[in-house]
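A short write-up of the structure that comes next.
Whatever order the structure lists them in is the order used to number ligands and atoms, beginning at 1. Because only heavy atoms are used, hydrogens play no part in the values below, and waters and symmetry mates are left out as well, while side chains stay in.
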Amino acid sequence: MLALQKVRPGSGVHFNTIAKPENIAAGEVLIYVHFAGICGTDLHIAHWTPGYESMESAMPVTLGHEFSGTIEQVGKNVPADVIGTRVTARPSTTCGHCEACLKDDEDNCTSRKGVGIGRNGAFTSYVCVPYSNCHTLPDSLDMDIAALTEPMTVCAEAVATTEVAAGQTILVIGPGFIGQGIAILARSRGAKVVIMGRDDGPRLKNLAAAGFQHLIDTSDVDMETALSKFAPFDAIIEAAGVPTLVAATLPFLKKRGIFTVVGIHPRPAEIDLTTLVRMHQQIRGSYRAPAADWDGVIAFLDGHQDLMRQLISHTLPLTDALIGFQAAHDHVASKVILRMGEI
Ligand SMILES: [Zn+2]
Ligand SMILES: [Zn+2]
């Protein structure tokens with residue numbers, strides 16, 4: 001089967017032909033992949049930005065960690081009647097025997113492996129994952145939308161971390177898919193949402209189509225003038241990964257406001273901490289969502305399929321994956337979904 005892989009450190013990804021997995025490990029299932037999304041993480045892996053060195057021991061490794069599919073085979077200790085179940089899966093797999101795992105504390109496992117990062121992922125026809133990582137999809141949820149579950153859990157976690165509430169005015173920095181998902185979930189909580197990007201015409205247009213009115217492209221307008229119209233913000237959520245934007249936007253956050261960082265930053269940010277102290281502001285980080293939140297996100301997707309489909313800018317066959325990587329890299333795409341097989 002065709003697979004898009006990382007075969008060696010350094011820039012680039014490669015198509016390889018690999019064997020369909022035969023022996024399914026105990027506790028695991030073999031999933032026939034329908035759709036898998038390209039994520040910012042995949043771009044970082046392709047460009048080999050620092051922070052992914054631990055992948056080397058897994059190479060060649062198939063990428064792809066945001067996916068939907070159907071269970072086709074089961075390993076030992078998994079009931080055979082789950083065959084045929086439509087699922088998505090949490091990509092973070094745990095070791096099962098460290099101190100945290102023995103306490104059922106998945107998030108703190110010390111030797112986690114990411115599907116599509118530290119073990120084979122879903123940019124191919126079949127992927128194996130632990131059955132305990134799977135979440136059943138409602139019949140009404142289309143498989144392309146279901147492939148958005150993992151990134152939307154990241155968005156849900158960011159909105160929860162920021163304690164977004166009805167009536168607040170929230171600034172979202174970075175209109176990529178994560179920023180877009182955050183904007184949608186913050187709006188669904190009743191917040192007024194302002195979204196800021198730079199050279200982000202296509203992505204901001206997507207957001208306009210999704211009903212957002214307060215859109216700022218700082219390649220067209222002066223950032224400070226544009227933000228002043230809405231400031232002070234009750235909270236700011238940063239999903240751009242541009243370190244200088246932290247200091248540049250903090251002055252627009254209200255006293256005791258929350259600034260949540262979701263972006264992955266290539267360099268440290270310089271911040272005026274004395275002003276932060278006097279303004280009694282908080283900076284929080286937000287990353288992976290707990291397993292318990294996944295079914296709620298799946299229900300949200302099921303109830304908002306038309307809206308969510310507007311965020312899928314490209315649906316491409318796996319063979320066109322590199323076109324998708326380029327579109328994502330060029331900020332033309334909101335979300336690129338790769339189609340794996342016949343459905
Ligand atoms: Zn991702
Ligand atoms: Zn563990």
Side-chain angles (χ1 to χ4, degrees), residues 4 6 13 25-28 33 35-47 49 51-52 54-55 61-69 88-124 127 129-130 132-133 135 144-158 174-182 185 239-241 261-265 285-291 293-294 297-298 301 308 311-314 321 324-325 327-329 333-338:
L4 188 65
K6 188 77 184 175
V13 288
E28 300 209 348
V33 182
F35 291 97
I38 297 177
C39 163
T41 297
D42 299 313
L43 297 187
H44 285 301
I45 292 169
H47 296 139
T49 43
Y52 296 91
S54 65
M55 284 181 74
V61 63
T62 306
L63 304 183
H65 59 271
E66 311 174 349
F67 61 94
S68 60
T88 185
R90 298 191 312 285
S92 180
T93 66
T94 53
C95 73
H97 35 74
C98 73
E99 205 178 313
C101 279
L102 294 175
K103 285 188 210 151
D104 262 344
D105 179 8
E106 174 180 293
D107 205 39
N108 285 311
C109 169
T110 49
S111 43
R112 234 183 346 246
K113 274 188 183 163
V115 172
I117 297 171
R119 54 178 282 168
N120 281 334
F123 288 162
T124 186
V127 61
V129 299
S132 56
N133 279 54
H135 292 260
D144 55 343
I145 304 298
L148 303 176
T149 305
E150 192 274 342
M152 281 302 281
T153 64
V154 172
C155 300
E157 180 67 5
F177 182 83
I178 295 294
Q180 295 183 353
I182 288 167
L185 294 173
V261 182
V262 187
I264 299 294
H265 291 249
S286 181
Y287 190 45
R288 184 186 314 112
D293 292 359
W294 273 60
V297 169
I298 290 168
L301 291 174
M308 295 310 300
L311 306 191
I312 300 177
S313 55
H314 299 65
F325 271 69
H329 174 262
S334 291
K335 177 56 83 179
V336 180
I337 296 285
L338 300 177

> Is the side chain of Ser313 donor-acceptor paired with the backbone N or O of Ser334 at a distance under 3.5 Å, no angle test?
Replying inline: yes
>> Between Arg90 and Ser132 (side chain of the first, backbone of the second, donor and acceptor by atom type, cut-off under 3.5 Å), is there such a pair?
In response: yes
> If you leave out waters, which protein N, O or S atoms are less than 2.8 Å from the Zn ion (ligand 2)?
Replying inline: Cys95 SG, Cys98 SG, Cys101 SG, Cys109 SG
>> At less than 2.8 Å, how many protein N/O/S atoms surround the Zn ion (ligand 1)? Leave waters out.
In response: 3
> Under 3.5 Å, side chain of Asn120 to main-chain N/O of Thr62, donor-acceptor pair present?
Replying inline: yes
> How are the rings of Tyr52 and His44 set to each other: parallel, tilted or perpendicular (split at 30° and 60°)?
Replying inline: parallel
Just distance, no hydrogens or angles: give the donor-acceptor pairs under 3.5 Å from side chains in residues 92-100, sequence neighbours left out.
unit_1 : atom_1 : unit_2 : atom_2 : d
Ser92  : OG     : Arg112 : NE     : 3.3
Thr93  : OG1    : Lys113 : O      : 2.7
His97  : NE2    : Cys95  : O      : 3.3

> For the atom pair CD (Glu66) and OG1 (Thr149), what is the distance rounded to the nearest 0.5 Å?
Replying inline: 9.5 Å
> For the side chain of Lys335 and the backbone of Ile38, is there at least one donor-acceptor N/O pair under 3.5 Å apart?
Replying inline: yes
>> Holding to salt bridge (charged side-chain N to carboxylate O under 4.0 Å, His left out), I want the full list of residues that pass it with Glu28, two or more places apart in sequence or in another chain.
In response: Arg119
>> Students often mix this up, so state it plainly: with edges at 30° and 60°, are the rings of His47 and His329 parallel, tilted or perpendicular?
In response: perpendicular
